Structure formats: structure tokens, C-alpha cells
Amino acid sequence: MNAASIIGNDPGWLIAVKGLIVFVLCVVLTLMSVWGERRIVARMQMRLGPNRVGPFGLLQSLADGVKLALKEDLIPKAADRIVFVIAPVISATTCFMSFAVMPLTGKVSLFGHKTVMQLTDLPVGVLYVLAIASVGVYGIVLAGWSSGSTYPLLGGLRSSAQVISYEVAMGLSLVAVFIYAGSMSTSDIVAAQHKWWFAVVLFPSFIIYAISMVGETNRAPFDLAEAEGELVGGFHTEYSSLKFALFFLAEYVNIVAVSSLATTLFLGGYHALPGLGFTENWLGGWFCMVWFFIKVIGFFYLFVWLRGTLPRMRYDQFMKFGWKVLIPVSLLWILVVSTLRVMSSRGEPRTVIAAFTFGIVLIIMAGSSLYERSVRKASQDELPDSSVQPSFPVPHVSGINRVESING
Amino acid sequence: MTTSTHLLYLIALPLFSSAFLLLLGRIADKWGHILATLISASTFGVGLVEFFAMRSRSGDARAATQRIFEWISVGSFKVDASLLLDQLSICFVLLITGVGTLIHIYSIAYMSHDRDRRRFFAYLNLFVAAMLLLVLGDSYLNLYVGWEGVGLASYLLIGFWNERPAYATAAKKAFIANRVGDIGLSLAIMIAFTQFGSVTFAGVKAGAPHASAAALTAIGAMLLLAAAGKSAQFPLQSWLGDAMAGPTPVSALIHAATMVTAGVYLITRSSFIFDASATSRLLVVIVGAITLLFGAIVGTAKDDIKKALAASTMSQIGYMILATGLGPVGYAFAIMHLLTHGFFKASMFLGAGSVMHGMNDEVNMRKYGGLGKVMPITAATFGLGYLAIIGVPPFAGFYSKDKIIETAFNAGGTRGVLLGGAALLGAMITAFYMTRVFVLTFSGEKRWDEKAHPHESPSLMWIPMVVLSIGSVASGFLLSKGSALVHWLAPVVNSSNVESGKELMPPVVVSALALGVVIIGVFAAIVKYRKSVPLEAPTGSLLTRFARRDLGQDDFNHNVLVRPGRAITQALLGIDHKFVDGIVRAVGWTLSYLSISLKKVQNGYVRSYALLMTAGAVALLAAIWLVTL
Amino acid sequence: MFKMALQVGSTHTPEAVLFWIMAPMAVLAALGMLLVKKAVHSALLLAWVMITLAIFYIAEDALFLGIVQVVVYTGAVMMLFLFILMLVGVDSSDSLVENIKGQRPAAILAAIGFGGLLLSLIGRAVSHTAAVGLTATNADGNVQGIAQQLFTRYVWAFEVVSALLITAALGAMVLAHSERKHISQRQLSVDRFRQASLADTAGLPASGVYARHNAVDVPALLPDGSAAPTSISSTLEARGDIIASEPFELTANEEEEN
Amino acid sequence: MDISNYIYLSAILFTIGAIGVVVRRNAIVVFMCVELMLNAANLAFVTFSRINGNLDGQIASFFTMVVAACEVVVGLAIIVTMYRSRRSASVDDASLLKR
């Protein structure tokens, strides 16, 4: 009995209860993650972080939320009022919606019903998450536009371009997963990772997804839509009070959502870490959730880590990276994966598959070394002609080309 | 029937050589003529190989075919481009390539001072290719391609010196007269297709016995028209005299030996049509008899040596056509005369060319005289040809012409007497005018200018002449010995089963009669031209003047065809200007008025275009709505 | 919502409810798109229509297409529209005054005719047709079914369309490409060092440097004591707010004194 | 519910799109109206697919989406180019082709 048919038997009230559970989980997780991020970043910067409100400062983010809610709600005069209000709502609603297809546990019993902790199981679940994510960006873009101010507009522009570009890479990275799992349903994908995590089997896909998920959520080092240093705060510059809080919430829920998706697609979902499978049997289905959230929190830590260590990328470099690196690499990788898949489904001998893989590795190595050489050559070509001497006296230094030492 | 893979070379070699020389341009100026000559010689070689191969086979296996590609495939109408080499075509192949090669050689010297010698040789090769296609095609359609090809080559070569308007006009005249004949051929092909559903010789031959008399007569008449056009027969003969504008080797090759005999070939090839239709045969003999007398009379009046020879060609081909019209046995005699004529007439034309070469291109025979002393070889070869053409035994013409006269008498009844008489009369006039040509040119006292320095031609020119004159001496005897050619051609023209039962006159009597009239003719000519020849032609009798004007042929054409044609054209032009143009102008005016008013619709706004589109969609929907109501 | 969408194959009532709620909203949104002034609002309303349609697709057992509709149309196409709107005409709100004579009444007339005829024709053609339904066809899954068709019967069309997509992408790049007009920072710095004089290689001097007064309208003094006119903002120069530099220059005597 | 309601909806949306193309002047809005028309056609396709019980309609709809994507990309590029040269995205301003 698979997840889809189990869910199909759920009565309406059970779905409501599950929805509530997911919602509460997300909100709590947001509060905790805001606190956690501040603590972790502080540690990375040799500080302590919030530690006053509640034990270890755990209630700090709750207090901040209350404070935000009590602030004056400003709507700029130049703003487009309706869109200005709608934008944070779109952000906040869509970020929760992707949880509908996340399998949080295996089979559990809830109020006497056998079910799984997953609201619905669509055959195209992952595509659904992508779709919701793409709708979610409307919040940011519209917020930027409706503020009627330059910085937010620039933030919105950047955000839309960023989303269009990185969604392509993200979608392409998922193709390999679909090919290997033979399905686009989240629960099927989790089941397909029973033996090997896709993070291992499809390592390049995992890396591409991990990179593009950071881009998708506008997090450092890809937080160009809000770039404090350049755009004052980007799309949410003009927002305050609860509307700002909604964006805040949306950002963190989104982080959790993409982390959950990464967990589901690449890290075996709610299943235990390799070698610890017995825990699922001993402690029951609900314990799977622990494994799930351990993985999600791992991803969250990665996010924080990135924020704490990496500088923000320049916008053009960021776009160049997306279009000229991530997408071509994804395409090539899909080619390789599908070839391998066809080979194995045709029952080619292992040696052939191994030879093919080895050949691909060789080609990649050769290609990269050629590329590096050409880059080095290009940088040499850029040097000015050494026969043109500067028109001013330059002290002679032995072994150094004078022009090069000045211009290079 | 045997399949041969070499037949294509016969056509392809000269064709490619021609294209090669034309495309390569000036680079080939230095060696183009040598290449062309070698190619021509090699086709002769191929022809010889095929001939001996055919000799070694026997009976039905002698004919060889080669299918090249499927040419036309329209429904049930299928024509292959394929070649057929049988006993008839091999005669032509050897004649064309053999005489052609000799004339190539001759031309190297004759044209050596011409700037465009390479182009001339390219055209010659083109002619050889087209002529070979004509005789090798296995269907009327393939023949037609060659037919048009030789027409083109002839046009190009007559007008070779087209910087002179008169020559260009002569080329055009030849082309147009040929076109009239070509219409006949194309009509014949169309009728054949409607009647027999096939245009191959084999297909038409198979269908001919079952066809209606009217159809056969129509095809025969059309084929005769085609033959008349190509072979300068009455009433389309007027172009041949003017065609002498071309270089003399051209006259020798195309307008004496080969192309003009295509009509004879066509009729012989279509023997199955003419065998089945007595009316067609009658037409043929009438045309042949008229032309042989016509040409002979014209020949007596011409002072231009080439035109005199041209008239003689016309007359001799008249003999051939006459022979073809005389039924199965006549075909072989026609072909025999064709072959011998090819030798002696080519020899004489080359001789004429040699004379012109020595006389600074002077063609008026009244300004020759006594050239035999300065040009002994030319005089000798020309003399041999002369003896052959007037039918002095044992030269070639005696064998071939006597057979034709004999056959004409044997046609029986009044017809036999009339035809035989005409042929005999023709022979006498031939003897007269040919003697006139010879005497005026080579004997008597010299009448040429002080400026002229007649001299013998270079060896490259006289060697072909010698070879041809040997042919004109020996060919008649060789071909008629034991009826060699008759037996050889028998499978093609069906002559084996027809042996003329009754003889009006025995061969000996005919020969004696012929010899008698020839002697009379020769004697008359010697008496008239031996003594003194005025440099300016005397006014002469009415008949002489009429003959000088080609017996009024051009006048007839001008008055009966050209003038009414012009009038009709003028009238049509008037109608075109007033009426047709008026309609067109009215349409144009209406359109421009409409467009001026419709221009407002095109206001440049995309949205109004979109609106119009929507309106169109509404109209469409309304139409559907109404239709499905 | 999705729960319900999945069940509509079997029951009719929820689908009817869904339809009668969503369809009027879609029509209203489409009308709104037609009537609102701001292009961005139009885009948003259109996005809403598209999402509605996606929901309808899902309700009509075209799950894959519904999701793809959101990803492609709402996610990519409309986002592209918004992007271009922001890039091109953020504040160029369309004036709704018609400038082609008779365009609007004619358009409305044509539209009424078009719509009326279309609806009437549809009414005749498909009204009360019994739907076969996709339950049987989708037995192996909607995605699998589409894939089956797409890669067998329609594979040629699929390839052609992919070629079209690539061509379109290239075409858009070529169309939208513009020669780079401004010079990059790197190029500027390289150029600075390549010129004959290295006087302002390190940037223009700031106003007031070494002068006796550090106001912005006082030129800087160069090492030889002369004034550097490039040190004053061109704006001030244009306004005429510039003070003669002579009084502030160092004279030779003064230099010696110091 | 009668399934032809979807077709009616499709027809209505299509008509609205057509009016938009004719009436609106902002090139981008005109373009969006074209998209609306395509979408309406898609809805009809999907409904027909359901009526006929095969997936051909959905496939057609799929191809429409792809082609629409192509069209949007190129069309918007053209609009950007137009805007660059004449600082306007109004279709009425691009009316010089009449002569």
C-alpha cells in the first residue's frame, strides 16, 4: 500500500488536523530558526547572540514578532496600495503550500487512523513545489514594484530575473532525480532512495540543487533582491510592521521548505541515517519525523553557515554563474544520467557502464584543464604590449618587465 | 537484340568535348581544335568497333541497344533515354564520324587564321554529338532531341561569322525553315502517340499495321514535312542556298554530307509508316521528283560555286527522297546514294573550299578559270567527285543513281514513266551544270584578278579531300557489289520480302539511257562554256533569270507567306494597342482607383488591422453559423 | 483544494461548486485585465486567470498540464512580462483615450458578434455532450499517458517544437542584444594607466586639498602650488559658484617663508 | 454540471482577449491579451480531451504552451527593442509601416 492510496482514504477532518500540525510546525520552526540563525552567526563571529529573553534567549524571536506587530503600519504615498498589501500575503501563503506534498513520516497512526504525515500525494508533487515556489516569487516582485520607490523596484527586478534564471537550473537538477526515481511524486522518490540516497548517486544534481535553492530563497550569498549594502533592503525597504513580519516569516518558511525538498529528494526523506534503520522499527513511525527534521536542520545550518562566511556575489557574476555554469552543467549531467539509465535498463554489462563513466570523467578533466589553460592564455593576452614604453622614467628592476609591473 | 554499353560514348564524348571547349574559354585556344579532332576520331573508332562487332553478329542480334535512364514517366506514357544501333544507324554513324573527322582535320588548316577557331570546333563537336543522337535514338522523341540539336548546331555554324548581318540573316532563315519542318515532326510524334500510345520506333512499328489509313497518311505527311524542312526539299528548300554563308567545311559536313540527309534517314527509319500508306508514298515521290528537277535547274543558273553545289545537293537529296518513296527496295538505294553522295559531295565542297582558300574567298565561278594547273590535287579530287556525281561508270554515282532511276521506272505505269523521266531529265541537267562548274573553275583560260595568287592548299586540307575522293570512286562499287547494302539493310527496311516482279525496263537499258543523257548534258555544257565566258553574267533568258532567283521560291515565300503575315501582325498589333491594352489599362486604372480608396484602411495602426482580422473571424463564424443552421 | 481536485473525477458536485466559484472570478479578472489602467495590474489579473485555468485543468483530470500551466505561464511567462514591465514601462500607465476613430465601438460590436456567434455555435455543437472522461485513459497515470503519446505519436512535433524553442531563445538574444556602450571599471582603470600622463591616474584631486581653504568651491593645489581646476565639481562650475583660485595659490615667496 | 460550461468559459475568455488586442494600446498588454486567447484555447483543448476520453487535447495544449513561451520570448524582445528606439511601448506609435 503506497502513500497515495493511504492518503486517499483520509477523512476530511484528518486532513485538517494534519494541515494544522504542519502549519504549527512551520511557524515554530521559523521562530526557532530565527533564533538559531542569530545564535549561530554570532558564534561564528565570536559573539554570543540573543540570550536574554527566555532560556538561552529562545523567546527572543517571539518577542521580536510581537514588537513588529505593534509597530506602525506604513503605506508610502507613491505605493500601489492594493498590490502593496497583497504582496506579503502572497509570499506568506505560498511558502506554506509547498509543505502539502512533503512526506514527513512513514505510516503512523493518528487518532486511531492509519495514515502518513503528508497532506496529499500528487503524481507530480515535485513539479507542484516548483510551481508554488514560482508563484511565491510574485510576492517579492510585486512588493518591489508596488512600493513606488527606486530601491525596491531594483530589488524586484533583480528578484524576477534571478528566479527566472535559477528556476531553470533547479528544474534541470531535478530531472536526474525523476529519471532515477521514475516518478515525480515525493513519496515515490523517498521510497526510491531506500538503498542509496540520491545525494550520493546523483551528486552533481545535489550540488546544483543546493546552489540553486539558495538562489531561490534569496539567501546570502545570493541575497541580491534585498542587498542591504546596495539597495538599502531591496524589495522590503518600504515595508514595516506585520507586513514586514510576513516577509520575514515567508523567508524562513521558504528556507525550511526548500530544505525539506532537498531532504526528500536527495537525503532519503524521513528515513533514518544509513545504519540507523532499526530506530524506525523500534520507536515507531512518528520517530521518522525526528530524522526528517534533523536533516532539515542540517540544511538550515548550511544556510546559516553560508551567510556567515560568504560575501554577496556581484549581480552580473551571479547571473553569469546561473546561465553559463549551472544550466550547461545540468544539461550535460542529464545527458550522462539518461545515457547511464538507458544502459542499465538495457542490461549492458557493468564493464561498459564503468567504461562510459570513466570516459565521461576523463572528458570532464580534459575539458576543465583546457578551459583553465585558455583562461590563463586569455589573461596573458590582456596584458599590454610590452614594446610600448611608459612616457615617464621607471626604475629598473631586474627580471621584471617594466610595463607589466606597472600595468599588470 | 544485343545490349551494348559503348553507345553512350558516341554521344557523350563529342558532347562533353564541346561543353568543355565552350566553358573553358580562351585557355583552350591553342589546343582546342586538336582535342576536338581527336574526340571526333575516337568516336569514329568507337563506330568502327561497333561496326565490326555488329558484323560478327548475325540476324536479329545485330541491333544493339543501350538504356541510359528513364526520361519521362507521366502516367502510362514512359520514355527512356535509350540508344539503338542497328544496320541503318551504323551506316550513318560511320558516315558522320568518318566524314566528320576528315572535315575536322580539313578545318584545322581552313580555319587556322580565324580568331574563334576553338568555338568553331566546339560547335562542330556539338553537331557530331547531336547528329549521332539523331541517328541513335530509339524513339521519335530521342530523335527529336538530336533533330533540334543539329538544327541548333547548323544555326550556330551558318551564323558563325555573324558579325556580317547577311550571314546572321541566313542563319535565321535556316533556323526558321527548319522550325516549320520541326513542327511537322512534333505533330507526327503527337499523332503517333495518340494512335499507338508509344513513340518508340518499335512501338510505332508494332502498331502501324493496325492503324487507320488517315492516321498513317497524316503521320507520313508530317514526317515528310519534317524531312523537307531538314533536307531542304520542296517547298522548304529556300534556306539551303543561303546556308552557304557558313564556313565551307560546315557546308561540306552539315549541308552536304550529313544533316541535310536526316530527312532521308527519318523516312527510311519510318519505313513501316510509309510502307503502310500509299498516299504518303505518293507525296514523297512527288516531293522528291519536284525537288530533284528544281535543284538541278537552279544549279545551272548559279555563278556562286558553293550555291551551285548546294543546289546540286538539294537535287541529289531529291533523288534520295524519290527513292524512299518507291517502296521497300528504294530505301536501300536511297541510303546507298546517301552514302556515296556523302563522299563525293563532301569531296567537292572541300574542293570548293580549297579553291576559295586559294582565291581569297572568291566564290564567283566566272572569275575562276584554268585553276586546274595551279591546283592539281584539288582539280583531281574535285574531278573524281564530279565524275561520280554525274554517274560515269565505274564511279560511285553511277551505281547509286542508276539504281534509283531504274527503280523509278519500275514503279510501273504512267507513274513509272513520269518518275523515271524526271529522274533521267534530272541526270541530264546534273551532268550539264556539274560540267559547267568544273569547266568554269578548272579549265579554260584564267579570268582571275591580278591580285589573286591561287595556290595549292596545305596538306592538312588536301589529305581529307584525297581520302574522300577515294571514297567517291570506290564506295559505289563496294556497296552495290552483290547487293551488299541492300542485304545489310534488309532487316531494317523490310526489303527482303519484296522483289519487284515486273520490270518496265531492264537495267542495261536504263544504264544506257542514263549514260546517254549524261553524255548529252556534258557535251552541251562543254560546248557552251569551253570558249569564252563573260565576267559579268549575261541577262539571259527568262528561264535563266527565273532560275537565278531560285525559281521564285523566295519571292513566293515573301509574297505568299511574309506579306500576309506582316499584315496580320500589324492588324493584331492594332488590336493589341487599342483593345487589349485598353482593357488592361482599364483594369489598372480601376485597381489604382480602388487602391487609393482602400489605402485609407491601411492606416499603420496594428490595432485596426487586428480589428479587421476580428471582423473577418466574425464573418467566418457567421458563415459557419448559417451553414450549420 | 487539491484534495477536492483529485476527487472530481468521481463526483460531479464539488467540480460544479468549484466551477461556479472560479469561473466568474476568472471572467471578472479577464475583464479587469481589459479595463485597468496599469499594465502591472493587468498582468496580475492575467496571472490569476492562469492560475484559475490551472485549477480547472487539474479538475479536468489534466494534472500534469495544470501544474505545468502554473510553472510555465504563471512562473515563467508572466514573470517575464512583469520583468519587462518593470524594465520598460513602469510608470507609463496606458491612457484609455481612444485615438483611432471608431475603433472602440467597432471593436465592441465585433466582440459581441464574435462572442455571440461563438457561444451559439458551441451551444449547438457541444451542449449536453456526454463526456467520455479520462478515468480509463489516466489509469496508468496522467503523466505516463502524456509521456507515452508525446514520445511516440508526437515525437516529431516534440522535436520540432524543441528546435523552435532554441531558435526563439537565440532570436530573443539577438533582438534584445545591444552593444555595450559604457566602459567597464576595469577597462577604465587600465586606460588610465595607459595614457601618456599619469597625473590623474589615482583619480582627480579633491577640492580644497593643500589650499588655504577647504571649501568645495576652492580648487586644490598641485604640488607646484598651482590650482587644479579639475578638482572642482563640474556642477559648481556650471552654476558659476566658483571662486577665483589665485588668492588661494601659494606664491613662491610664501613658500620660502614657510 | 454540464461539461460544455468549460467551453463557454473558454469562448468568453477568448473573446475578452480578442477585444483586448483590438482595444489596448500598450504593446505588453496587447501581448498579454494574446496570451489570454491562447490560454482560452488551451482550456477548450483540455476539455475536449476529457470529452473524447483521449490525451490528444492535452498534448495539443502542451504544445501550445511551448509555442506560447517561444512567442513571448521573441515578442518581448521585440517590445524591448522597440522601447529602446522610441521610448514608448504603445503599438500606435509604431505606425510608420503604412508608407
Side-chain angles (χ1 to χ4, degrees), chain C residues 12 15-16 19 23 27 30-31 33-34 39 42-43 46 49-50 53 56-57 60-62 65 68 72 76-77 80-81 84-85 88-89 92 94 99 104 107 111 114-115 118-119 122 126-129 131-134 136-137 145-146 149-150 154 157 161 164-165 168-169 171-172 175-176 178, chain D residues 1-9 11-20 22-26 28-29 31-33 35-36 39 42-43 46-47 49-56 58-59 61-63 65-74 76-81 83-84 88-89 92:
Chain C
H12 254 99
E15 190 183 349
F19 182 85
V27 173
L31 280 175
M33 185 195 91
L34 201 63
S42 285
L46 182 59
V49 175
M50 284 170 173
L53 291 185
F56 283 154
Y57 293 170
E60 295 209 74
D61 288 339
L65 218 53
V68 169
V72 173
V77 171
L80 206 58
F81 270 113
I84 298 298
L85 276 174
V88 169
S92 71
D94 204 0
N99 61 353
R104 191 164 294 169
F114 187 79
L118 203 58
L119 288 176
I122 292 167
V126 294
S127 188
H128 303 295
T129 358
V132 176
L134 290 167
T137 319
I146 287 182
Q149 294 274 304
L150 206 56
Y154 293 96
V161 160
L164 176 72
L165 203 55
L175 276 171
S178 63
Chain D
M1 187 194 71
D2 190 355
I3 200 160
S4 54
N5 285 351
Y6 285 113
I7 313 277
Y8 289 125
L9 175 63
I12 293 169
L13 292 181
F14 190 91
T15 312
I16 293 173
I19 303 176
V22 179
V23 171
R24 293 301 296 257
R25 264 181 298 168
N26 187 332
I28 302 174
V29 179
F31 221 142
M32 290 197 286
C33 290
E35 291 303 314
L36 179 63
N39 266 283
N42 275 357
L43 178 62
V46 170
T47 312
S49 165
R50 191 176 170 201
I51 290 177
N52 292 325
N54 59 35
L55 291 173
D56 292 347
Q58 294 190 14
I59 304 258
S61 187
F62 175 81
F63 282 132
M65 280 185 197
V66 181
V67 176
C70 300
E71 175 223 339
V72 163
V73 168
V74 175
L76 287 179
I78 291 172
I79 289 175
V80 168
T81 320
Y83 182 78
R84 226 185 252 149
S88 153
D92 283 3

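In what follows, chains are A, B, ... by sequence order, proteins preceding strands, each numbered from 1. Source: prediction; values computed, not measured.
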Heavy-atom closest pair (C/A168 atom, D/C70 atom, distance to 0.1 Å) is CB-CB, 3.5 Å
What one should report as the nearest heavy-atom pair of D/L55 and C/G145 is CD1-C, 3.4 Å
Non-hydrogen atoms of chain C under 4.5 Å away: do they reach the side chain of D/N54, the backbone, both or neither? backbone
From C/L34 CG over to D/C33 SG, what is the distance, rounded to the nearest 0.5 angstrom? 6.0 Å
By a 4.5 Å heavy-atom criterion (distance strictly below it), what part of D/I19 contacts chain C: side chain, backbone, both, or neither? both
Cut-off 4.5 Å, heavy atoms of chain D, and the answer for C/A76 is neither
With no hydrogens and no angle check, is any side-chain donor or acceptor of D/R24 less than 3.5 Å from a backbone partner on C/M33? yes
Considering the options C/L65, C/V68, C/L150, which one meets the side chain to side chain contact (heavy atoms under 4.5 Å, CB included) requirement together with D/Q58? C/L65
Identify which part of C/L165 has an atom lying under 4.5 Å from any heavy atom of chain D, answering side chain, backbone, both or neither. both
Is a side-chain N or O of D/T81 found less than 3.5 angstrom from the main chain of C/L175, in a donor-acceptor match? yes
Taking side chain as C-beta onward, heavy atoms only, is D/V80 less than 4.5 Å from C/I84? yes
Please look at D/L13 and chain C and tell me whether the side chain, the backbone, both or neither of the residue comes under 4.5 angstrom of a heavy atom of that chain. side chain
Checking heavy atoms, do the side chain of D/N52, its backbone, both or neither come under 4.5 Å from chain C? backbone
Would you call the rings of D/F14 and C/F114 parallel, tilted or perpendicular if under 30° counts as parallel and over 60° as perpendicular? parallel
Heavy-atom cut-off 4.5 Å, strictly under: side chain, backbone, both or neither for D/I3 against chain C? side chain
Between chain D and each of C/L31, C/L118, C/L46, C/V77, count heavy-atom pairs under 4.5 Å; write down the option with the most. C/L46
For this output row, return yes or no: ring centroids of D/F62 and C/Y154 closer than 6.0 angstrom. no
Give, as side chain, backbone, both or neither, the part of D/I59 having an atom under 4.5 angstrom from any heavy atom of chain C. side chain
Working to the nearest 0.5 angstrom, can you tell me the gap between D/S49 OG and C/I146 CD1? 8.0 Å
Shortest non-hydrogen contact between C/F56 and D/L43, atoms and distance: CB-CD1, 4.1 Å
Check: D/L36 and C/V49 side chains under 4.5 Å, non-hydrogen atoms: yes
Top residue by heavy-atom pair count (under 4.5 Å) with chain C, among D/N39, D/V74, D/L76? D/N39
What distance do D/D56 atom CG and C/Q149 atom CD have between them, rounded to the nearest 0.5 Å? 5.0 Å
Closest heavy-atom pair and its distance - D/V29, C/A39: CG2-CB, 3.8 Å
Does the side chain of C/L53 come within less than 4.5 Å of D/N42's, by heavy atoms? no
